[in-house]
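Single-structure report; data block below.
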Amino acid sequence: QVQLVESGGGLVQAGDSLRLSCAASGRTFGSHPMAWFRQAPGKEREFVAAISTGGVSTDYEYSVKGRFTISRDNAKNAAYLQMNNLKPEDTAVYYCARSMYWPAQRDLNGYDAWGQGTQVTVSA
(Lines give C-alpha, C1' and ligand atoms only; values in the text may rest on other atoms or scores of the structure.)
Protein backbone atom coordinates (compact mmCIF):
# COMPACT_ATOMS: atom_id res chain seq x y z
CA GLN A 1 0.00 0.00 0.00
CA VAL A 2 1.54 3.27 -1.09
CA GLN A 3 1.74 6.11 1.41
CA LEU A 4 1.84 9.77 0.45
CA VAL A 5 3.06 12.39 2.91
CA GLU A 6 2.78 16.10 2.18
CA SER A 7 4.91 18.80 3.74
CA GLY A 8 5.82 22.43 3.23
CA GLY A 9 2.60 24.18 4.13
CA GLY A 10 2.47 27.20 6.38
CA LEU A 11 1.23 30.72 7.01
CA VAL A 12 2.41 33.31 4.50
CA GLN A 13 1.39 36.74 3.26
CA ALA A 14 -0.17 37.51 -0.08
CA GLY A 15 2.48 37.59 -2.77
CA ASP A 16 4.76 35.13 -1.01
CA SER A 17 5.82 31.71 -2.25
CA LEU A 18 5.69 28.19 -0.85
CA ARG A 19 6.90 24.86 -2.12
CA LEU A 20 4.91 21.80 -1.17
CA SER A 21 6.44 18.34 -1.26
CA CYS A 22 4.82 14.93 -1.50
CA ALA A 23 6.93 11.95 -0.49
CA ALA A 24 5.76 8.56 -1.70
CA SER A 25 6.61 5.12 -0.45
CA GLY A 26 6.92 2.08 -2.67
CA ARG A 27 8.64 1.21 -5.93
CA THR A 28 5.96 2.21 -8.44
CA PHE A 29 6.01 5.99 -8.02
CA GLY A 30 7.36 6.61 -11.51
CA SER A 31 4.58 4.55 -13.08
CA HIS A 32 1.77 6.83 -11.96
CA PRO A 33 0.73 10.36 -12.79
CA MET A 34 0.50 12.56 -9.71
CA ALA A 35 -1.82 15.40 -8.82
CA TRP A 36 -2.44 18.08 -6.25
CA PHE A 37 -5.88 18.98 -4.93
CA ARG A 38 -6.97 21.49 -2.33
CA GLN A 39 -9.93 21.93 -0.02
CA ALA A 40 -10.91 25.23 1.53
CA PRO A 41 -13.19 25.39 4.60
CA GLY A 42 -16.77 24.68 3.65
CA LYS A 43 -15.89 23.85 0.06
CA GLU A 44 -15.41 20.69 -1.93
CA ARG A 45 -11.99 19.33 -2.73
CA GLU A 46 -10.84 20.74 -6.05
CA PHE A 47 -8.20 19.89 -8.62
CA VAL A 48 -5.10 22.08 -8.72
CA ALA A 49 -2.54 20.45 -10.98
CA ALA A 50 -1.37 17.13 -12.38
CA ILE A 51 1.80 15.77 -13.95
CA SER A 52 2.40 12.77 -16.17
CA THR A 53 4.64 9.87 -15.24
CA GLY A 54 7.75 11.29 -16.89
CA GLY A 55 6.98 14.87 -16.02
CA VAL A 56 6.69 16.01 -19.63
CA SER A 57 2.97 16.80 -19.54
CA THR A 58 1.18 18.92 -16.97
CA ASP A 59 -2.31 20.24 -16.40
CA TYR A 60 -3.42 23.17 -14.25
CA GLU A 61 -6.62 24.56 -12.91
CA TYR A 62 -7.23 27.93 -14.53
CA SER A 63 -6.85 30.07 -11.41
CA VAL A 64 -3.35 28.79 -10.63
CA LYS A 65 -1.95 28.65 -14.16
CA GLY A 66 1.12 30.87 -14.38
CA ARG A 67 1.54 31.00 -10.60
CA PHE A 68 1.90 27.32 -9.61
CA THR A 69 4.29 24.75 -11.05
CA ILE A 70 3.99 21.02 -10.53
CA SER A 71 7.08 18.86 -10.85
CA ARG A 72 8.37 15.46 -9.83
CA ASP A 73 11.60 13.64 -9.16
CA ASN A 74 11.08 9.94 -9.79
CA ALA A 75 14.51 9.08 -8.41
CA LYS A 76 13.44 10.56 -5.08
CA ASN A 77 9.84 9.30 -5.16
CA ALA A 78 8.66 12.87 -4.76
CA ALA A 79 6.29 15.36 -6.29
CA TYR A 80 6.29 19.09 -5.73
CA LEU A 81 4.04 22.10 -6.06
CA GLN A 82 5.81 25.43 -6.31
CA MET A 83 3.33 28.16 -5.49
CA ASN A 84 4.24 31.76 -6.31
CA ASN A 85 2.32 35.00 -5.89
CA LEU A 86 0.00 33.38 -3.38
CA LYS A 87 -3.42 34.91 -2.81
CA PRO A 88 -5.79 34.66 0.16
CA GLU A 89 -8.12 32.56 -1.98
CA ASP A 90 -5.36 29.92 -2.20
CA THR A 91 -5.90 29.19 1.51
CA ALA A 92 -6.77 25.51 1.83
CA VAL A 93 -5.53 22.11 2.85
CA TYR A 94 -3.45 20.77 -0.04
CA TYR A 95 -3.42 17.08 -0.85
CA CYS A 96 -1.30 15.04 -3.20
CA ALA A 97 -2.85 12.07 -4.93
CA ARG A 98 -1.74 9.22 -7.12
CA SER A 99 -3.61 8.93 -10.38
CA MET A 100 -4.38 5.70 -12.18
CA TYR A 101 -4.84 7.48 -15.51
CA TRP A 102 -3.44 10.11 -17.79
CA PRO A 103 -4.87 12.60 -18.47
CA ALA A 104 -5.56 12.77 -14.77
CA GLN A 105 -9.16 13.30 -13.74
CA ARG A 106 -10.15 16.71 -12.44
CA ASP A 107 -12.70 15.15 -10.12
CA LEU A 108 -11.93 12.74 -7.30
CA ASN A 109 -12.27 9.64 -9.45
CA GLY A 110 -9.29 7.73 -10.73
CA TYR A 111 -7.04 8.21 -7.72
CA ASP A 112 -5.95 5.28 -5.61
CA ALA A 113 -3.92 6.99 -2.91
CA TRP A 114 -4.16 10.28 -1.03
CA GLY A 115 -1.96 12.04 1.47
CA GLN A 116 -3.17 13.48 4.76
CA GLY A 117 -2.86 17.07 3.56
CA THR A 118 -0.85 20.13 4.50
CA GLN A 119 -2.38 23.46 5.49
CA VAL A 120 -1.61 26.56 3.46
CA THR A 121 -2.87 29.87 4.86
CA VAL A 122 -2.38 33.11 2.97
CA SER A 123 -3.08 36.36 4.78
CA ALA A 124 -4.03 39.53 2.96
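A donor-acceptor contact shorter than 3.5 Å links the side chain of Ser25 to the backbone of Gln3. Checking side-chain atoms of Arg72 against main-chain N and O of Ser52 turns up a donor-acceptor pair under 3.5 Å. Checking side-chain atoms of Glu61 against main-chain N and O of Ser63 turns up a donor-acceptor pair under 3.5 Å. Using a distance-only test at 3.5 Å, with no hydrogens or angles considered, a donor-acceptor pair links the side chain of Arg106 to the main chain of Tyr60.
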Residue pair Met83, Val120: steps toward the side chain to side chain contact (heavy atoms under 4.5 Å, CB included) verdict:
CA-CA 10 Å; Met83 305 186 295; Val120 172; 3.9 Å; yes

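To the nearest 0.5 Å, atoms NE2 (His32) and CG (Asp112) are separated by 6.0 Å. In this structure, CD1 in Ile70 is found 9.0 Å from CG in Asp59, a value given to the nearest 0.5 Å. Asn74 contributes atom CG, which lies 10.5 Å from atom OG1 of Thr28 (distance to the nearest 0.5 angstrom).
The hydrophobic clustering, which links ILVMFWY residues whose side-chain heavy atoms are closer than 4.5 Å, places Val122 and Leu11 apart. Under the 4.5 Å side-chain heavy-atom criterion for grouping Ile, Leu, Val, Met, Phe, Trp and Tyr, Trp36 is not connected to Val93 through any hydrophobic cluster. Connection of Met34 to Leu18 is established within a shared hydrophobic cluster, with ILVMFWY side chains joined at heavy-atom distances below 4.5 Å, either directly or through further cluster members. By the criterion of side-chain heavy atoms lying less than 4.5 angstrom apart, applied directly or through intervening Ile, Leu, Val, Met, Phe, Trp or Tyr residues, Trp102 is not grouped with Val48; the two fall into different hydrophobic clusters. Cluster membership check: Leu81 does not share its hydrophobic cluster with Tyr111, using side-chain heavy-atom separations under 4.5 Å among Ile, Leu, Val, Met, Phe, Trp and Tyr.
Between Gln116 and Glu6 the shortest side-chain heavy-atom distance falls below 4.5 Å. Contact check for Val2 versus Arg98: side-chain heavy atoms found under the 4.5 Å cut-off. Between Val64 and Arg38, the closest side-chain pair of non-hydrogen atoms falls below 4.5 Å. Within the 4.5 Å cutoff, no side-chain heavy atoms of Thr118 are placed close to those of Ser7. Counting heavy atoms from C-beta outward, Thr91 and Gln119 have side chains that approach closer than 4.5 Å. Taking the side chain as every heavy atom from C-beta outward, Leu86 and Phe68 approach each other to under 4.5 Å. Two residues are said to be in side-chain contact when any heavy atoms from C-beta on lie closer than 4.5 Å; Ser99 and Gln105 fail this criterion.
Tyr80 pairs with exactly one of Cys96, Ser71, Cys22 by the side-chain contact (heavy atoms from CB on, under 4.5 Å) rule, that one being Ser71.
For Trp114 and Phe37, the gap between ring centers is short of 6.0 Å.
The environment of Glu44 atom CD is sparse: at most 12 non-hydrogen atoms of other residues, nucleotides or ligands sit within 6.0 angstrom.
Closest of all the heavy-atom pairs between Ala104 and Ala50 is CB-CB, 3.7 Å.
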